[in-house]
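Reminder, nothing fancy here: chain letters follow the sequence lines and each chain counts from 1.
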2 protein chains.
Amino acid sequence: MSDRRTEILKAATRVIARRGVRGLRVGELAQEAGVSTSLIYYHFTDRAGILRSTLEFISDRADRYTAEQSPQTRPDDPRADLEQVLLLELQDAPEVRENSTAWGELRASAVFEPDLREDLARATHTWVHEIADLLARADPLGTAPAHAAAAERLTALIEGLSVRWLSGCLPLDHARRLLEGAIDAELAAG
Amino acid sequence: MSDRRTEILKAATRVIARRGVRGLRVGELAQEAGVSTSLIYYHFTDRAGILRSTLEFISDRADRYTAEQSPQTRPDDPRADLEQVLLLELQDAPEVRENSTAWGELRASAVFEPDLREDLARATHTWVHEIADLLARADPLGTAPAHAAAAERLTALIEGLSVRWLSGCLPLDHARRLLEGAIDAELAAG
DNA sequence: GTCTATAATACGATAGAC
DNA sequence: GTCTATCGTATTATAGAC
């Protein structure tokens with residue numbers, strides 16, 4: 001799964017994280033991937049094809065990304081698990097930043113490009129579901145619908161905090177504290 | 001205040017809501033506004049100037065928009081006030097949709113264009129402060145820092161729910177219920 | 001599958017008349 | 001202040017060799 005095509009998709013993710021979806025230039029992508037422009041057209045037909053494939057790639061990678069973290073959780077402290085998984089999205093590690101930026105771009109692009117919505121909705125749903133499960137473990141007395149709603153709120157909040165962070169409106173540590181406060185509020189209310 | 005310059009800014013807001021900030025073409029803006037391209041450069045110097053002025057315009061209009069709702073609030077029920085003002089951002093009225101879309105675009109663009117950040121941060125701060133005031137009235141026993149944090153969370157959540165709504169991931173009425181739930185959680189925890 | 005070279009055009013920006 | 005006309009270049013996309 002690490003053929004030339006995949007290399008290009010990885011490069012495209014980096015370029016999108018750096019310049020945004022609409023800032024992606026095929027020429028710059030070619031340079032980043034270390035191939036010629038025409039090879040990109042050979043693999044993806046046109047610019048729209050590049051975007052479609054890359055956004056699919058980002059959704060898939062986001063799924064894998066959170067899935068890989070599961071082994072590190074502690075079964076004896078579900079609340080700490082929850083906090084850990086949620087705070088994972090607000091870190092200054094390059095990979096997290098790249099993923100968050102690309103994901104935010106994907107989300108913002110979908111407002112204008114209905115083609116992207118299906119993948120996006122599916123990936124979002126997977127994420128929400130995962131958080132709802134963790135909430136159910138941290139708060140066994142709550143109902144399933146309450147957990148689902150809290151999960152939707154917490155993930156939407158993370159997306160909101162994330163753009164504020166990435167757009168320089170909110171220091172990272174402050175964003176993290178706000179998220180912790182929201183977890184407190186959700187668990188206290190539930 | 002409805003001179004040619006303002007006409008162009010209104011047109012710019014419409015184009016941004018339709019195509020996104022990075023989808024805005026000076027030529028298309030000119031057509032939308034019914035003027036020549038060069039007139040736009042006369043008024044705004046360059047593309048960045050258009051964006052800067054339009055962001056300012058959108059922020060001001062958002063302020064006016066919420067300010068206009070103030071007379072309707074009831075001083076005897078501060079919690080209802082709070083809910084009303086927050087839910088204002090999640091409505092299917094054309095003007096709200098246009099403002100939300102444009103605002104979301106500016107937020108997303110600021111991730112890649114540092115020039116936009118200062119105005120954006122200021123407008124965000126104004127909004128957060130306004131919500132913190134309403135929270136203080138709805139929850140007189142809470143502390144000022146707690147109100148500030150809750151206001152940051154609630155406004156960030158609205159932005160997160162708003163993109164999900166506009167990107168077709170979340171039905172509007174569901175988004176509204178989630179926001180109501182968050183207000184409950186914040187007031188219960190505070 | 002991958003490259004070099006190039007065509008076609010979209011786009012930002014300016015010149016200059018009125 | 002507003003227009004028409006145009007320039008320069010950045011960018012998408014294709015042709016054709018290997």
Side-chain angles (χ1 to χ4, degrees), chain A residues 1-58 102 105-106 108-110 112-116, chain B residues 1-58 102 105-106 108-116 119:
Chain A
M1 186 52 165
S2 195
D3 52 359
R4 210 54 167 262
R5 199 189 133 95
T6 312
E7 295 286 321
I8 296 173
L9 289 174
K10 283 183 193 166
T13 307
R14 289 195 298 276
V15 174
I16 287 177
R18 199 165 58 226
R19 305 257 186 252
V21 166
R22 294 200 188 86
L24 179 143
R25 303 287 156 235
V26 183
E28 187 180 353
L29 169 56
Q31 200 167 5
E32 176 80 26
V35 301
S36 67
T37 31
S38 47
L39 184 61
I40 293 176
Y41 284 100
Y42 171 78
H43 281 299
F44 303 99
T45 309
D46 59 9
R47 197 178 171 282
I50 300 169
L51 259 34
R52 211 164 349 107
S53 303
T54 306
L55 296 172
E56 198 177 344
F57 178 76
I58 291 170
E105 272 295 288
L106 166 58
S109 303
F112 306 101
E113 288 169 58
D115 288 359
L116 301 175
Chain B
M1 186 52 167
S2 195
D3 54 358
R4 213 51 168 264
R5 197 189 134 96
T6 311
E7 295 287 322
I8 295 173
L9 290 174
K10 283 184 192 167
T13 307
R14 289 196 298 276
V15 174
I16 287 175
R18 197 166 59 228
R19 305 257 186 252
V21 165
R22 285 154 285 176
L24 180 144
R25 301 289 155 235
V26 183
E28 188 181 353
L29 169 56
Q31 200 167 3
E32 175 80 27
V35 300
S36 68
T37 28
S38 47
L39 184 63
I40 292 177
Y41 285 100
Y42 172 79
H43 281 299
F44 303 99
T45 309
D46 58 9
R47 196 179 172 282
I50 299 170
L51 259 34
R52 212 164 348 112
S53 303
T54 308
L55 165 59
E56 202 176 341
F57 177 75
I58 292 169
E105 268 297 289
L106 289 165
S109 303
V111 175
F112 307 100
E113 287 170 59
D115 288 359
L116 298 175
D119 280 347

| Contact list for DNA chain D against residues 35-47 of chain A - heavy-atom distance below 4.0 Å | A/Ser38, A/Tyr41, A/Asp46, A/Arg47
| message | I want to check something: taking the side chain as every heavy atom from C-beta on, are A/Ser53 and A/His43 in contact at a cut-off of under 4.5 Å? | response | no
| Residue pairs fulfilling side chain to side chain donor-acceptor pair (under 3.5 Å) with at least one residue in residues 13-28 of chain B, sequence neighbours excluded | A/Glu105-B/Arg22, B/Arg14-B/Glu32, B/Arg18-B/Glu28, B/Arg18-B/Glu32, B/Arg19-B/Glu28
| request: Kindly compute the distance separating OG1 (B/Thr54) from CG (B/Leu9), expressed to the nearest 0.5 Å. | output: 5.0 Å
| request: Can you sort out the partners of A/Ser36 under side chain to side chain donor-acceptor pair (under 3.5 Å), two or more places apart, ordered by chain and number? | output: A/Ser38
| Mind checking whether A/Val26 and A/Phe44 have side chains closer than 4.5 Å, heavy atoms only? | no
| query | Quick one: CD1 on A/Ile50 to CG on A/Leu24, what's the gap to the nearest 0.5 Å? | reply | 6.5 Å
| said: Over all strands shown, is B/Ile50 touching base, sugar-phosphate only, or nothing at heavy-atom distances under 4.0 angstrom? | reply: nothing
| request: Check each of A/Asp46, A/Leu106, A/Val21 against A/Leu51 using the side chain to side chain contact (heavy atoms under 4.5 Å, CB included) test, and report the only one that passes. | output: A/Val21
| said: Please determine whether a side-chain nitrogen or oxygen atom of B/Arg25 lies at a distance below 4.0 Å from atom OP1 or OP2 of C/dG12. | reply: yes
| query | Under a 4.0 Å heavy-atom cut-off, which of residues 11-20 of chain B touch DNA chain D? | reply | none
| request: Tell me, with the steps shown, if A/Arg4 and A/Leu39 meet side-chain contact (heavy atoms from CB on, under 4.5 Å). | output: CA-CA 10 Å; A/Arg4 210 54 167 262; A/Leu39 184 61; 4.2 Å; yes
| note | When rounded to the nearest 0.5 Å, the distance separating CD1 of B/Ile58 from CG of B/Asp119 is 11.0 Å
| query | Whole Å only: how far is the CD atom of A/Gln31 from the P atom of C/dT4? | reply | 12 Å
| request: Take atom CG of A/Leu29 and atom C1' of D/dT12, then tell me their distance rounded to the nearest Å. | output: 13 Å
Protein-nucleotides 7-9 of chain D N/O pairs closer than 3.5 Å?
none

| message | Using the side chain to side chain donor-acceptor pair (under 3.5 Å) criterion, which residues pair with B/Thr45? Sequence neighbours excluded. | response | none
